[in-house]
Each structure stands twice: as structure tokens, then as C-alpha cells.
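Heads up, the thing below is written out as C-alpha cells.
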2 protein chains.
Amino acid sequence: MNFQTFVKEFKQPFEQYMMEAVPDSSRTQLEASMRYSLEAGGKRLRPLILFAVLKAFNKPVEQAFPYGAALEMIHTYSLIHDDLPAMDDDDLRRGKPTNHIEYSEATAILAGDALLTKAFELMTQGDAEDAIKLKLIRALSQDSGHEGMVGGQQADMNGEHTSLTLKELEAIHARKTGKLIRFAFYAGGLLADVEKETVIDLEEMAYTLGLAYQVRDDILDVQGDEKSLGKRTGADAKLGKSTYPALLGLEEANEFFKEKLEKALTLNSQIKDREAVYDDELLASFIRSLEIEAAS
Amino acid sequence: MNFQTFVKEFKQPFEQYMMEAVPDSSRTQLEASMRYSLEAGGKRLRPLILFAVLKAFNKPVEQAFPYGAALEMIHTYSLIHDDLPAMDDDDLRRGKPTNHIEYSEATAILAGDALLTKAFELMTQGDAEDAIKLKLIRALSQDSGHEGMVGGQQADMNGEHTSLTLKELEAIHARKTGKLIRFAFYAGGLLADVEKETVIDLEEMAYTLGLAYQVRDDILDVQGDEKSLGKRTGADAKLGKSTYPALLGLEEANEFFKEKLEKALTLNSQIKDREAVYDDELLASFIRSLEIEAAS
């Protein structure tokens with residue numbers, strides 16, 4: 001199965017499930033602001049990766065909707081808090097006013113807190129075994145907390161207006177964006193009940209794609225167009241952030257990006273060699289879609 | 001056993017356990033700021049209630065340290081975020097500069113996020129059965145999220161500069177402070193494996209004490225002394241918040257407080273009537289200690 005076909009089939013039902021998990025916006029301003037940011041769209045990349053791993057191993061996808069929704073809520077809360085005036089101070093996200101512009105700073109802080117909290121309620125649902133749920137909750141907490149995403153965000157802030165080496169930059173992004181992508185692959189593997197070696201391959205694929213994704217983001221921040229991206233460009237330079245294009249030059253950053261995609265494709269074939277049931281086309285077409293997007 | 005003796009025995013080992021759950025502050029500013037607020041003291045009321053319920057049913061207390069630490073981390077994160085300039089804008093908490101004054105606003109936002117996230121990692125630990133852990137995680141998420149504490153905080157903010165009825169005020173506090181106290185009693189009952197009716201009595205005791213605690217806080221905000229409280233007094237009046245003394249007058253607020261304590265003592269005796277093993281003196285002395293503190 002092709003990734004684009006897969007997305008067409010599952011994105012809309014998943015979004016419907018996720019929105020039903022947060023009660024109707026007419027009740028309170030807090031819930032309205034939670035829904036506002038959840039509804040703002042985005043590619044639902046993390047949950048769709050989780051579901052694609054399950055699908056590639058020929059497992060039912062819908063059973064994992066609660067875990068995908070939890071993952072998307074954590075990603076969404078992190079964007080709300082990152083956009084706050086005390087953090088990146090962004091007023092535009094996905095082509096719409098950021099949460100604190102649309103509501104208020106206080107409501108945006110609380111909406112983020114509430115989405116993060118709700119994520120862990122969702123992790124207790126669904127029909128995975130209790131032991132698997134607890135493993136996933138532990139992993140999600142570690143990947144999104146002070147040793148993962150939040151720690152990466154703090155390191156990223158501390159790195160503003162200072163020059164980082166390529167290694168330091170990679171370490172920050174491995175936490176800030178890489179860990180949640182890792183969780184998507186790990187959770188897919190765990191819920192699909194695959195061999196340990198395969199989970200390790202999936203995690204390495206996640207790490208590689210996480211880096212690729214970040215380089216691509218950095219390149220788009222230099223080259224992209226605000227209208228099609230739906231957010232301000234040039235923000236990194238304004239904040240004096242170290243980026244891949246700044247460190248490597250634009251051409252070499254592009255080269256670095258392509259190498260990472262190649263590596264991910266190799267890991268994907270490796271899984272197919274071990275697990276005959278694995279539909280390697282699904283993730284291969286996902287990886288190739290990243291390349292096409294960056295080139296357009 | 002007397003509550004004061006109980007606190008002497010368990011508070012210090014619990015605090016040590018909790019601090020060990022967050023790595024040494026020398027590593028990063030984020031972890032330093034998490035520890036700063038965790039170390040700032042406080043009475044550890046919520047975890048100690050959880051442990052006291054276990055002890056009263058003659059169950060081991062240490063097994064519940066992870067769940068008590070999770071509860072205290074959620075309470076602590078909520079204080080860090082409540083103190084932010086966009087929220088209550090407080091510069092003093094427990095006699096020390098608030099987190100965003102000591103570090104920065106961005107670090108305080110992230111430290112709160114990280115403590116909230118860490119709490120759910122701790123909930124997966126300890127030796128309770130998997131099914132019990134998942135029940136507790138679900139309850140903690142519901143009690144601390146948009147339908148619980150965070151929702152109460154938003155309602156409290158919306159209620160500034162407007163007159164609330166007693167019923168509206170009670171509904172706000174039932175969520176803002178009541179729900180986490182409810183969780184402490186509920187978790188104690190669940191971990192002690194008591195009868196369903198007893199869990200219901202414990203939850204009603206929690207609700208009653210939650211209200212008593214809030215009235216007491218409101219009274220102290222009018223009558224108290226900044227030095228012994230370690231926080232600014234008169235803040236409620238400044239923010240135009242509805243409080244029990246403002247709505248009822250000081251004398252009747254005191255009466256309301258005493259009635260709630262009486263009701264809690266009655267519920268406590270009721271549990272003893274049903275469960276012979278129950279050491280009713282432990283929670284009775286806790287309830288009486290609230291009265292003495294308020295009177296002093």
C-alpha cells in the first residue's frame with residue numbers, strides 16, 4: 001500500500017476520533033482553545049507513522065487511535081507552549097493566529113497543560129494488554145519529558161545566540177523532535193508485537209527520519225514561503241539559532257537530508273528481509289514523499 | 001497512630017524518594033528548576049493523605065511512594081504555572097522567589113510541563129497490579145485535567161472581577177483543589193483494596209476536606225501573616241476574587257469551615273464502623289490538626 005492512499009483512508013476517521021475525545025467547544029473557553037489547536041490541522045505525522053507501522057505488519061489500525069491521539073495531543077500542546085511570548089513568541093501557526101493570540105496567554109498555558117494531561121488518559125484506553133499500555137505510557141512520558149522533548153526545547157532555547165557544533169545541534173534535535181517520532185515507530189512496533197530486532201530497526205529509522213525532518217524544516221525556514229507553510233519564515237535567523245543550513249551551507253544541508261532519507265530506506269528494506277509479512281512499500285513511499293515535498 | 005507521629009516517620013523518606021526521581025540539578029537548568037520547586041517544601045499534604053489512608057488500613061506505605069510523588073509533582077507544576085505573570089503573577093511562594101523569578105518565564109513553563117510529564121512516568125512504577133496502575137493513571141489524568149484541576153483554574157480566572165454565588169464558588173474549588181485531594185483518598189482506598197462503599201466514604205471525606213481547606217485558605221488570605229505563610233496575603237481581594245469570607249463574612253466562613261471538619265469526622269467514624277481494621281485515629285487527628293492550625 002502507498003502512503004498517500006493510506007493517509008486518505010485513515011486521517012479523517014482518526015481526526016474525528018480525536019476531536020470526540022475533547023468535549024464540544026461550547027462548554028468552556030478552555031475546551032474551545034484545546035479544540036482550536038487540535039483542529040488547526042497539521043499533517044498528523046506522528047500518529048500516522050504509528051498507524052502505518054501497524055498497517056505494514058498487517059495489524060488493525062483503529063485499535064491504536066487512542067495512542068495516536070495521545071501522541072498528537074502532546075505534539076499540539078508543545079506547539080502551543082513553544083509559541084508563547086516567553087518562548088518563541090510566534091503569532092502565526094498553520095496559517096491561523098496562535099492559541100495565545102486567539103484566546104489569551106493564560107488560557108494557552110492551561111490548554112497546553114490540559115492537552116498534555118488528557119494524552120495520558122487516552123493512553124489507558126483501547127484494547128492493548130495492560131502491560132503494553134504501561135510500557136507505552138512510560139515511554140511516552142520519557143520521550144516527551146525532561147529527558148526528551150521538553151529537555152530538547154530547553155536546550156534549543158539555551159542555544160539561541162550561541163554557536164553550536166553539528167554534534168550539539170543533532171543532540172538537541174534528537175530530543176526536541178526526534179523522541180516523539182521515535183515513540184511513533186516504537187509504539188507501532190510494540191502494538192504490532194514484532195521481534196525485538198525489528199523494534200530496534202524501527203527506532204533507528206525514527207532517529208534518521210527525525211534528523212531528516214529537522215534539516216528539512218531548517219531549509220524551509222530559509223527557502224520556504226510563508227503562505228504555503230502557514231507560519232513565519234526566517235524565524236531561526238531572527239533568534240540567532242544554529243541551524244543545519246547555517247552550519248553546513250544550504251547545498252551540504254540538502255546533501256545531509258538526502259543521505260538520511262537513503263539510510264531510512266535501507267533500514268526499511270532490512271526489516272522486509274527479516275519479516276516477510278512486512279509491507280515495505282508503505283513506509284518507503286512515506287520516506288520518498290518527504291523528498292518530493294522538500295524539492296517542490 | 002497520631003497524624004503528627006505518622007508525618008514524622010514518613011515525610012522525610014518520601015521526600016528523599018521524590019528528589020531521587022529527578023536527577024541532580026547540576027545537569028541542566030531545566031532539572032535544577034524542577035528540583036527548586038519540588039524542594040521548596042510545603043506540607044506534602046496530598047501524598048501524606050494517600051499514605052495515611054494506606055497506613056490506617058494497615059498496609060505498607062512505601063509501595064505507594066511513586067504514586068505520592070506523582071501527585072506532589074502535579075500539585076507543584078500547577079503552582080509553578082499559576083504563579084506565572086500571565087496567571088496570578090506571584091513573586092513569592094513558600095517564602096522563596098517563585099520559579100519564574102528564580103529562573104525565567106520560559107524555564108518555569110517548561111519545568112511545569114516536565115513535572116507534569118514525569119508524574120505519569122512514576123505512575124507506571126511501584127508494585128501495584130497493572131490494572132490498578134491503569135485505573136490510577138486514568139483517575140489522576142481526569143482529576144488534574146480540563147475536567148478537574150486545570151478546568152477549575154480556568155474557571156477561577158474567569159471568575160475574577162465577577163460576583164459568584166456560593167454554589168458557583170464551591171463548584172470551582174471542587175475542581176481546582178478538591179479533585180487532587182479526592183485522588184489522594186481514592187488512590188489510598190484503591191491501593192489498600194477496601195470495599196467499594198468505603199472508597200465512596202473516603203471520596204466524600206475528600207470532598208468535604210477539600211472545601212474546608214479552601215475556606216481556611218481564604219480566611220488566612222484575609223487574616224494571615226505573610227511571614228508565617230510564606231506567600232503574599234490579600235491577593236484575592238487584589239484580583240477581585242470571590243472568596244468565602246467575602247461572600248459569607250468572616251464569622252460565618254469560620255462556622256462553615258468547622259461544619260465541614262465535623263462532617264469529615266463523622267464520615268471517618270462511619271468507615272471505622274464498617275472496617276474493624278481501620279485505625280480511625282490517624283485521619284481524625286489529621287482533621288483536628290487543620291482546626292488547630294486555623295485557630296493559631
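This one's a predicted model, so the numbers in the text were calculated from it and none came from an experiment. Lettering of chains follows the sequences in order, A, B, ..., and the numbering in each one begins at 1.
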Q: State, yes or no, whether a side-chain contact exists between B:Asn158 and A:Gln29 at a heavy-atom distance under 4.5 Å.
A: yes
Q) Can you find a heavy atom in the side chain of B:Ile137 that is under 4.5 Å from one in the side chain of A:Leu134? A) yes
(Q) Let me confirm one number: the OG-CE distance from A:Ser104 to B:Met87, rounded to the nearest 0.5 Å. (A) 9.0 Å
Q | Greatest number of heavy atom pairs closer than 4.5 Å to chain B - which of A:Glu121, A:Glu105, A:His100, A:Met34 | A | A:Glu121
(Q) Below 4.5 Å, heavy-atom pairs only: which of A:Ile109, A:Asp113, A:Leu122, A:Thr107 has the largest tally toward chain B? (A) A:Asp113
Q.
Contact between B:His146 and A:Leu115 at the side-chain level, heavy atoms closer than 4.5 Å - yes or no?
A. no
Q | Heavy-atom pair of closest approach, residues B:Ala86 and A:Ala106 | A | O-CB, 3.4 Å
Q) Between B:Met149 and chain A, which part of the residue has a heavy atom less than 4.5 Å away: side chain, backbone, both or neither? A) neither
**Q.** Distance (rounded to the nearest 0.5 Å) between A:Phe120 CZ and B:Gln142 CD
**A.** 15.0 Å
Q | Contacts with chain B made by residues 68-85 of chain A (heavy-atom distance under 4.5 Å), listed by residue number | A | A:Tyr77, A:His81, A:Leu84
**Q.** Residues of residues 123-133 of chain B contacting chain A, heavy-atom criterion under 4.5 Å, by residue number
**A.** B:Thr124, B:Asp130, B:Ala131, B:Lys133
Q. Between OG1 of A:Thr28 and CD of B:Glu147, what distance do you get to the nearest 0.5 Å?
A. 9.5 Å
Q) Any side-chain heavy atom of B:Leu110 within less than 4.5 Å of one from A:Met157? A) yes
Q | Least distance between heavy atoms, A:Gly151 atom then B:Leu30 atom | A | CA-CD2, 3.7 Å
